[in-house]
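Shown below is the structure under consideration.
Because the structure is a prediction, the values reported are computed rather than measured.
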Amino acid sequence: MIRCFAPVRSVHAFHNHTIRFVTPKLTANSSSSSLLSTRREALTVSIVTTTLEILISSFSASSSAAAAAAAELLELPNSGGVKALDLRLGRGPVPVDGDQVAIHYYGRLAAKQGWRFDSTYDHKDQSGEPIPFLFILGSGKVIPGIEAAVRSMKVGGIRRVVIPPSQGYQNTSQEPIPPNFFDRQRLFTTIFNPTRLANGEGSTLGTLIFDIELVSLRH
């Protein structure tokens, strides 16, 4: 039998406790089968311990990476609280109000654990190519958070933005609108849920996450 001192209650306890495994002494009357069983148990414990150490190391690394990525999100000037992280810097021109811009995007809803409610990459033409979303910058037809994000991008760039509810959907006619009825219904019934809004959850329900690629612009 293997006795374990200072038992561990959770994975995090490995950082604060030392585990010592004591192998029982075999008497002269111990059989070869007992010796083999003991060695197998010791090998099993060793494998489990090594696996847990690898998992802990991987968890720590991923947590550090996530924290670093979150720290790089910067609030855009005069955006009403929109935060952005440039995933790829563009090399083309910067749009101005009145330009027609074409973007691709992934739209996700934070209140639904990052559920993706729409993506232009799923909107295909007859040849199977994704159709970008077109709008006039400054027209007010799209949610303010997207306009704020695109206004300081260069063509070819990709930017991740976190849009607070005040800069997101204020009504069900603002674009971009998911073409799928069920996605559209789920999105708006979550954001404009009267019961949850009455409970004071309005500051979180409409938080959006968009990955935006500025494809082109036309003056």
Partners meeting side chain to side chain contact (heavy atoms under 4.5 Å, CB included) with S79 (sequence neighbours left out): E75, L76, V82, A148

NZ-CD1 distance between K83 and I209, expressed to the nearest 0.5 angstrom: 12.0 Å

Close side-chain approach of R108 and D118, heavy atoms under 4.5 Å: no

Step-by-step side-chain hydrogen bond (donor to acceptor under 3.5 Å, both in side chains) determination, E213 to Y121: CA-CA 11 Å; E213 178 185 5; Y121 294 100; 2.7 Å; yes

Atom of S203, atom of P165 and distance for their closest heavy-atom approach: O-CG, 3.4 Å

Verify same cluster id: L73, L87 (apolar side-chain graph, 4.5 Å): yes

Counterpart residues, side chain to side chain contact (heavy atoms under 4.5 Å, CB included), relative to L217 (two or more places apart): P93, P95, D99, V101, V155, H219

Donor-acceptor under 3.5 Å (E147 side chain, I143 main chain): no

Residues F210, Y106; criterion ring-ring contact (aromatic ring centres under 6.0 Å, His included); working and verdict: CA-CA 6 Å; F210 272 87; Y106 288 102; over 10 Å; no

SB check D97 R151 (cutoff 4.0 Å): yes

Which atom of P164 lies closest to which atom of G80, heavy atoms considered: CG-O, 3.7 Å

S173 to I177 - nearest heavy-atom pair and separation: O-CD1, 3.8 Å

Side-chain H-bond candidate by donor/acceptor type, T172 with R184, under 3.5 Å: no

Cation-pi geometry met for R186 and W115 (6.0 Å, 45°): yes

Among V94, I103, V161, I212, the one residue meeting side chain to side chain contact (heavy atoms under 4.5 Å, CB included) with M153: I212

Expected output: side-chain D86 to main-chain R88 donor-acceptor under 3.5 Å: no

Any pair counted as ring-ring contact (aromatic ring centres under 6.0 Å, His included), so long as it reaches residues 136-187, sequence neighbours left out: Y169-F188

pair L109-L187: side-chain heavy atoms closer than 4.5 Å: yes

Partner of R116 by salt bridge (Lys or Arg N to Asp or Glu O under 4.0 Å), out of D122, D183, D211: D122

Polar side-chain atom of R159 near backbone of A149 as donor-acceptor pair, under 3.5 Å: yes

Approximate separation, where rounding is to 0.5 Å, of S119 OG and N180 CG: 12.5 Å

Min side-chain heavy-atom separation F117-L208 under 4.5 Å: yes

Q174 and P144, any side-chain heavy atoms less than 4.5 Å apart: yes

Side-chain (N199) to main-chain (E201) donor-acceptor, under 3.5 angstrom: no

F133 side chain near V142 side chain, heavy-atom distance below 4.5 Å: yes

Nearest-0.5 Å distance that lies between atom CD1 in I191 and atom NZ in K112: 11.0 Å

side-chain contact (heavy atoms from CB on, under 4.5 Å) between I163 and I146, intermediate numbers included: CA-CA 8 Å; I163 302 174; I146 287 184; 4.2 Å; yes

Common cluster, Y105/F135, ILVMFWY with side-chain heavy-atom separation under 4.5 Å: yes

Gap separating the OG atom of S216 from the CD atom of Q100, nearest 0.5 angstrom: 7.5 Å

